[in-house]
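One structure is given below, encoded as structure tokens.
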Amino acid sequence: MPVDQHSDPFEDRVAAELRAAGGGFEPDLAALTTAGLARGRRLRLRRRAAVVGGAASLALVGVGGALLLPGGGAGPHQASVAAGPSATPTVTPTLPAVSDQELIDTLKEQLGYGKFSEERGSGTADKAGPYAALVWDDGDGAAAVAVSLNRVQPGGEEARQLAQCPDKLYVPYDDCKSTRLDNGSVLKIVQGYEYPDKRVPTKWWYADLVSAEGQHVSVSEWNAAAEKDAPVTRDEPPLDNAELQKLATAPAWLKAIDAIPGPPPQEPEPTQSAPVTDVAKKLVDLLPDGVQVVSRSGDEGEYGYVVVDDGKGKSLVEINVQPNSGDLLGESMFDGAEEVGDGTMLVTHEDAGDKDVAGAVRWTVDTVRINGLRVVISAYNQGGPHDAPGREKPALTIDQLKTIALSSAWGPSREESLTGQKNSDQG
């Protein structure tokens, strides 16, 4: 799946767009298969508001924006924002709207000194969502600085993800800390890079504040006058961690969030079937003999990965297990699929991955069972999506990937489901 920070042409919308298009075009089947893994990764990312405009365009797009990618690692600096099952949303009273200029002025007041240019923003009543962005020169070089505001479900999945540090397999960074503040808010500060592969020296440091009421403040800064396509003007962004915390926790932002019209976001309705859990653990258990697990993701969610080594170099293996995906069998991405028993349909793809890394090889097996359970698994000849290949081929063969994808560990077969239902009826 594309894990570029700011764009992915597929993600969850793929199936819906294909239906809307009415079969009027021929999609890239490999890319659509990749979207299966994309969904798993993207479910563990957050979106920020798109901020576009001006000569120094700041696109605060976030599915990768603040890139909370597969989180396996709960490090010592991470804090949980789970509020438990009793956390239920309440309608926030709507305060007078805050204009784009007021938000820009607030940002300038918080920064306090220096020269400002390229000012732009959006107010709390605007469809784009509230944000303020500008270029700030504190005397040591121009730097892009932006603040975006929104609300999240208290105790919900997005709030939890916002508190977690990114997984370094996908998002290299120099430092990340997540801390619970005295007022119950959680603040995460990351010192990272605009591009995961560090192909340019642009640094991106950001802070995410999530209050106990679901107010979310996102602050970003770069060591250049624009997020992308601008020369680096200084060694580091202007605000250190303490200054980022001061800016992110300014009371004016919380008041502006309370002025966003409409009720707080609701948790999505539960899916028809419960998602598979312990995905990475099950993947480890299904690995063939002769490979050693070097690292792995956590077990929560429907996406997981392991990095294995068979003595010939590291190889990344990703898997995504999605219930209720039977409608995909009607899509062109499964044209020519092979039926492998019990109504399960299977397709395979071999490509060069999606990160334009020279010499990269990716092998993918994509399956959908008759009960709608989709299992898609890929193996790479790289230890990470941005790494240079360290071996000629992935550590797992296509046949080994098929064995894992078709395992009953992900759910019962059709016969087992029918037998279980029959026994239940007889009982």
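Values reported hereafter were calculated over all heavy atoms of this structure, with side chains retained and with hydrogens, waters and symmetry mates removed.
- Side-chain contact check for Phe116 versus Leu111: some heavy-atom pair is nearer than 4.5 Å.
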Report task. Apply side chain to side chain contact (heavy atoms under 4.5 Å, CB included) to the pair Ile319 and Val376, showing each step before the final yes or no. Result -> CA-CA 6 Å; Ile319 192 165; Val376 54; over 6 Å; no
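- Side-chain N or O atoms of Glu102 include one that pairs as donor or acceptor with a backbone N or O of Ser99 at under 3.5 Å.
- Of all heavy-atom pairs spanning Lys188 and Cys176, the tightest one is CG-SG, 3.9 Å.
- A perpendicular orientation is assigned to the rings of Trp136 and Tyr113, their planes being inclined by more than 60° (bins at 30° and 60°).
- For the pair Thr202 and Asn223, the minimum side-chain heavy-atom distance is below 4.5 Å.
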Query raised in the report: Can Val217 and Asp208 be said to form a side chain to side chain contact (heavy atoms under 4.5 Å, CB included), step by step?
Result: CA-CA 6 Å; Val217 181; Asp208 282 304; over 6 Å; no
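- Of the possible donor and acceptor atoms, one in the side chain of Glu243 sits under 3.5 Å from a partner among the backbone N and O of Asp240.
- Within a 6.0 Å sphere centred on NZ of Lys402, heavy atoms belonging to other residues, nucleotides or ligands number more than 12.
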Query raised in the report: Should Glu119 and Lys108 be marked as a salt bridge (Lys or Arg N to Asp or Glu O under 4.0 Å) after you check the CA-CA gap, both sets of side-chain angles, and the distance that decides it?
Result: CA-CA 10 Å; Glu119 301 173 12; Lys108 293 166 67 175; 3.1 Å; yes
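- Side-chain atoms of Asn381 come within 3.5 Å of backbone atoms of Gly359 as a donor-acceptor pair (strictly under, hydrogens ignored).
- Side chain of Asp342 to main chain of Thr344: no donor-acceptor pair is present (N/O by atom type, distance under 3.5 Å, no hydrogens or angles).
- When side chains are defined from C-beta on, Asp175 does not count as touching Val190, because their heavy atoms never get closer than 4.5 Å.
- Considering every non-hydrogen atom in both Ala360 and Pro389, the closest pair reads N-CG, 3.6 Å.
- A heavy-atom distance below 4.5 Å is found between the side chains of Leu169 and Leu316.
- The shortest distance between side-chain heavy atoms of Tyr131 and Ser122 falls below 4.5 Å.
- The backbone N or O of Asp387 lies less than 3.5 Å from a partner atom in the side chain of Gln382, making a donor-acceptor pair.
- Between Gly141 and Thr233, the shortest heavy-atom contact is C-OG1, 4.0 Å.
- Between Arg362 and Asp354 a salt bridge is recorded (basic side-chain N to carboxylate O distance below 4.0 Å).
- Interatomic distance, OG1 of Thr106 versus NZ of Lys255, reported as 10.0 Å (0.5 Å rounding).
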Query - Gln191/Tyr206 under side chain to side chain contact (heavy atoms under 4.5 Å, CB included): CA gap, chis, key distance, verdict - result: CA-CA 7 Å; Gln191 294 183 352; Tyr206 62 89; over 6 Å; no
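- A side-chain N or O of Tyr193 and one of Asp174 form a donor-acceptor pair less than 3.5 Å apart.
- One finds the CG atom of Leu406 at 10.5 Å from the CG atom of Leu401 (value rounded to the nearest 0.5 Å).
- Distance check, rounded to the nearest 0.5 Å: CG of Leu187 to NZ of Lys177 gives 11.5 Å.
- More than 12 heavy atoms of other residues, nucleotides or ligands lie within 6.0 Å of NZ in Lys203, so this atom counts as buried by the packing criterion.
- Residues Leu247 and Trp253 have side chains in contact (heavy-atom distance under 4.5 Å, counting atoms from C-beta outward).
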Query raised in the report: Could you walk me through whether Arg160 and Glu157 pass the salt bridge (Lys or Arg N to Asp or Glu O under 4.0 Å) check?
Result: CA-CA 5 Å; Arg160 183 188 66 79; Glu157 178 69 9; 2.5 Å; yes
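- Take Asn183 and apply the side-chain hydrogen bond (donor to acceptor under 3.5 Å, both in side chains) test, not counting sequence neighbours, and it matches Ser185.
- Judged by distance alone, the side chain of Arg369 and the main-chain N or O of Leu373 form no donor-acceptor pair under 3.5 Å.
- Heavy-atom minimum distance, Ala143 versus Pro238: CB-CD, 3.5 Å.
- Looking at Asp366 and His349, their side chains never bring a donor and an acceptor atom within 3.5 Å of each other.
- With Ile377 as the fixed residue, the side-chain contact (heavy atoms from CB on, under 4.5 Å) test singles out one of Asn320, Thr367, Leu283: Leu283.
- Residues Val294 and Val308 form no side-chain contact, since every pair of their non-hydrogen atoms from C-beta on lies 4.5 Å or further apart.
- There is no side-chain donor-acceptor pair under 3.5 Å between Asn150 and Gln215.
- His216 contributes atom NE2, which lies 15.0 Å from atom CD of Gln153 (distance to the nearest 0.5 angstrom).
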Report task. Apply the test side chain to side chain contact (heavy atoms under 4.5 Å, CB included) to residues Arg296 and Lys281: give CA-CA distance (whole Å), side-chain angles for both, the deciding distance (0.1 Å), then the verdict. Result -> CA-CA 9 Å; Arg296 50 165 284 188; Lys281 180 179 184 299; 4.2 Å; yes
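- Contact detail for Ile260 and Pro130: the closest heavy-atom pair is CD1-CG, 3.8 Å.
- Here Tyr305 and Tyr380 keep their ring centres 6.0 angstrom or further from each other.
- When all heavy atoms are compared, the tightest approach of Thr124 to Ala259 is OG1-O, 3.8 Å.
- There is a side-chain donor-acceptor pair under 3.5 Å between Tyr303 and Glu318.
- Looking at Trp204 and Ser220, their side chains do bring a donor and an acceptor atom within 3.5 Å of each other.
- A donor-acceptor contact shorter than 3.5 Å links the side chain of Tyr173 to the backbone of Pro166.
- Judged by distance alone, the side chains of Asp105 and Gln101 do bring a donor and an acceptor atom under 3.5 Å apart.
- Residues Val186 and Thr179 fail the side-chain proximity criterion, which asks for heavy atoms closer than 4.5 Å.
- A salt bridge between Arg234 and Asp138 is present, with a side-chain N of the basic residue lying under 4.0 Å from a carboxylate O of the acidic one.
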